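Data block below; observations after.
Residues: numbered from 1 along the sequence shown. As the structure is a computational prediction, the values presented were derived from the model and not from experiment.
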Amino acid sequence: MGFILSLIVGGIVGWLASKVMKTDAQMGVVANVLVGVAGSMLGFWLASLLGFAAFGMVARLAVSVAGAALLIFILQKLGFFRKSG
């Protein structure tokens, strides 16, 4: 059950980050889930390096979306996504 919940939350985080970065039209469900899960891990890793501990649902969501948006930014620079609009 925890794995399925992680995929669902990862999909939501990836979708929110793709909306923020304006790559939603280029990303499907699988890309949203992958970026959401990997971006969440990146966000929490960077937050721990900076000494930031995310307590509470809103703070955890913010760190996850920020990490996923950073991952999308990195992938854009590597040529995986082009910024639309």
Side-chain angles (χ1 to χ4, degrees):
M1 186 68 185
F3 179 71
I4 294 171
L5 186 60
S6 295
L7 293 178
I8 292 169
V9 171
I12 293 168
V13 167
W15 175 74
L16 288 172
S18 70
K19 287 291 194 181
V20 169
M21 297 299 292
K22 296 181 180 29
T23 59
D24 189 46
Q26 302 167 26
M27 295 177 61
V29 173
V30 174
N32 280 336
V33 170
L34 292 175
V35 166
V37 171
S40 292
M41 291 189 296
L42 175 65
F44 279 100
W45 178 71
L46 287 174
S48 70
L49 285 179
L50 296 172
F52 177 74
F55 293 108
M57 187 173 56
V58 174
R60 288 178 183 262
L61 182 65
V63 168
S64 296
V65 172
L70 176 63
L71 182 58
I72 290 173
F73 176 77
I74 292 168
L75 291 173
Q76 281 178 336
K77 294 300 178 188
L78 294 174
F80 285 93
F81 299 113
R82 283 185 296 163
K83 196 169 191 176
S84 64

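- A distance of 4.5 Å separates CG in L71 from CG in L75, rounded to the nearest 0.5 Å.
- Around atom CG of L78, more than 12 heavy atoms belonging to other residues, nucleotides or ligands sit under 6.0 Å away.
- Within 6.0 Å of atom CZ in F44, more than 12 heavy atoms from other residues, nucleotides or ligands are found, so the atom counts as buried in its surroundings.
- Distance check: L61 CG to L16 CG gives 6.5 Å after rounding to the nearest 0.5 Å.
- Rounding to the nearest 0.5 Å gives a distance of 12.0 Å between CD1 of I72 and NZ of K19.
- In this structure, S64 OG and M57 CE are separated by 12.0 Å, a value rounded to the nearest 0.5 Å.
- Note: the hydrophobic cluster containing L5 also contains I12 (ILVMFWY, side chain heavy atoms under 4.5 Å, direct or indirect links).
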>> As a quick check of understanding, evaluate side chain to side chain contact (heavy atoms under 4.5 Å, CB included) for V37 and S6, giving each step before the final call.
In response: CA-CA 7 Å; V37 171; S6 295; 5.5 Å; no
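- Interatomic distance, T23 OG1 to W15 CH2, rounded to the nearest 0.5 Å: 12.0 Å.
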>> Quick one, F52 with V63, criterion side chain to side chain contact (heavy atoms under 4.5 Å, CB included). Give me CA distance, side-chain angles, the key distance, then yes/no.
In response: CA-CA 10 Å; F52 177 74; V63 168; 3.4 Å; yes
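- For the pair V33/V13, no side-chain contact is recorded, criterion being any heavy-atom separation below 4.5 Å from C-beta on.
- Tracing side-chain contacts under 4.5 Å through hydrophobic residues (I, L, V, M, F, W, Y), one reaches F80 starting from M27; they form part of the same cluster.
- Inter-residue side-chain proximity for V35 and S18 is flagged as unmet; no heavy-atom pair is nearer than 4.5 Å.
- Under the 4.5 Å side-chain contact rule for hydrophobic residues, L7 and L42 do not share a cluster.
- Of all the heavy atoms in A68 and A17, the pair that sits closest is CB-CB, 3.5 Å.
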